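The structure appears below as structure tokens.
In this text, all values refer to a predicted model and were calculated from it rather than measured experimentally. Whatever order the structure lists ligands and atoms in, that order sets their numbers, starting from 1. What's counted below: heavy atoms across the whole structure, side chains too, no hydrogens, waters or symmetry copies.
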Amino acid sequence: MEDCLFCKIVAGEIPGDMVHVTEHTVAFRDLNSQAPTHVLVVPRDHYTNAAELAAADPAALAELVTTAAAVATAEGYDDYRLVFNTGAEAGQSVFHTHLHVLAGRPMTWPPG
Ligand code: DGP
């Protein structure tokens, strides 16, 4: 999709610090890291948010989660937090589905 930042990272048009790549997903480090490990797992195909992806391609949504778990394991963590921000008020700033993987520090609840 034109003018989508994460589509451009998936396509290699903008550099990303890749940590894991599968047929359907790409995982790269978040530029604005909020934890010792903060990785974004995105589908190669463009969907606006997690619910849209789930409706269109449930298997691809599941692969985001299995990829996230593989990333956490590779980074040496059993405990991690997965976050889908959906909508600007919930903190979504890039409108291409992405799963945040956060690990390496204690997580508080409720989130801010
Ligand atoms: P969200 O706010 O949930 O939409 O998360 C978007 C994340 O994307 C945010 O944590 C910062 C990150 N981000 C923004 N621009 C870039 C970029 O150009 N490269 C990388 N690696 N991450 C980015």
Side-chain angles (χ1 to χ4, degrees):
M1 179 159 167
E2 263 178 57
D3 290 334
C4 170
L5 176 64
F6 288 173
C7 282
K8 288 179 179 168
I9 290 177
V10 167
E13 293 165 16
I14 291 177
D17 185 357
M18 302 294 175
V19 298
H20 197 95
V21 171
T22 73
E23 188 183 348
H24 301 292
T25 70
V26 172
F28 52 90
R29 294 194 193 281
D30 193 304
L31 214 54
N32 185 23
S33 185
Q34 301 298 319
T37 286
H38 187 172
V39 169
L40 303 172
V41 186
V42 313
R44 289 182 182 275
D45 293 337
H46 182 92
Y47 294 95
T48 301
N49 58 45
E52 266 194 18
L53 176 63
D57 191 348
L61 181 72
E63 197 174 325
L64 289 192
V65 177
T66 54
T67 300
V71 167
T73 299
E75 302 259 321
Y77 299 113
D78 293 326
D79 299 347
Y80 52 88
R81 180 171 288 178
L82 303 182
V83 176
F84 285 113
N85 294 324
T86 301
E89 199 166 331
Q92 188 174 9
S93 59
V94 179
F95 291 84
H96 178 127
T97 310
H98 54 282
L99 179 55
H100 293 260
V101 187
L102 298 138
R105 64 167 172 81
M107 302 286 163
T108 58
W109 193 264

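In this structure, H98 has a heavy atom closer than 4.0 Å to ligand 1. For G16, the closest heavy-atom approach to ligand 1 does not fall below 4.0 Å.
At least one donor-acceptor pair closer than 3.5 Å links the side chain of H96 to the backbone N or O of P43. For the pair T37 (side chain) and G104 (backbone), a donor-acceptor distance under 3.5 Å is absent. Not a single donor-acceptor pair under 3.5 Å links the side chain of R44 to the backbone N or O of V26. For the pair S33 (side chain) and D30 (backbone), a donor-acceptor distance under 3.5 Å is absent.
Of all the atoms in ligand 1, the ones that sit under 4.0 Å from a non-hydrogen atom of L5 are 15 (N), 16 (C), 17 (C), 18 (O). Taking every non-hydrogen atom of F28 and a distance limit under 4.0 Å, the qualifying atoms of ligand 1 come out as 21 (N).
Contacts between I14 and ligand 1, counted as non-hydrogen atom pairs separated by less than 4.0 Å, are absent for every part of the residue. Contact annotation: for D17 versus ligand 1, there are no heavy atoms closer than 4.0 Å. Heavy atoms of I9 found under 4.0 angstrom from ligand 1 belong exclusively to the side chain. Counting heavy atoms closer than 4.0 Å to ligand 1, residue F6 contributes side-chain atoms (C-beta onward) but none from N, CA, C or O. Looking at L31 against ligand 1, both its backbone and its side chain come within 4.0 Å, counting heavy atoms. Within the 4.0 Å heavy-atom criterion, the part of H100 lying near ligand 1 is the side chain and not the backbone.
Side-chain atoms of N49 and F95, non-hydrogen and from C-beta on, never get closer than 4.5 Å to each other.
Remark: L102 CG to L40 CG distance equals 8.5 Å, nearest 0.5 Å. The distance from the CE atom of M107 to the OH atom of Y80 is 12.0 Å, given to the nearest 0.5 Å. The CG atom of L64 lies 8.5 Å from the OG1 atom of T22; values are rounded to the nearest 0.5 Å.
Geometrically, ligand 1 and Q92 share no nitrogen or oxygen pair separated by less than 3.5 Å.
Remark: minimum distance from atom 2 (O) of ligand 1 to any protein heavy atom is reached at G91 O, 2.7 Å. If you check which protein heavy atom lies closest to atom 21 (N) of ligand 1, you get R29 O, 2.9 Å. Looking only at protein heavy atoms, the nearest one to atom 11 (C) of ligand 1 is D30 OD1, 3.2 Å. Of all protein heavy atoms, the one lying nearest to atom 4 (O) of ligand 1 is S93 N, 2.6 Å.
Ring centroid separation for the pair H100 and H98 comes in under the 6.0 Å cut-off.
Checked for salt-bridge contact, E75 and R29 meet the test: a charged N lies under 4.0 Å from a carboxylate O.
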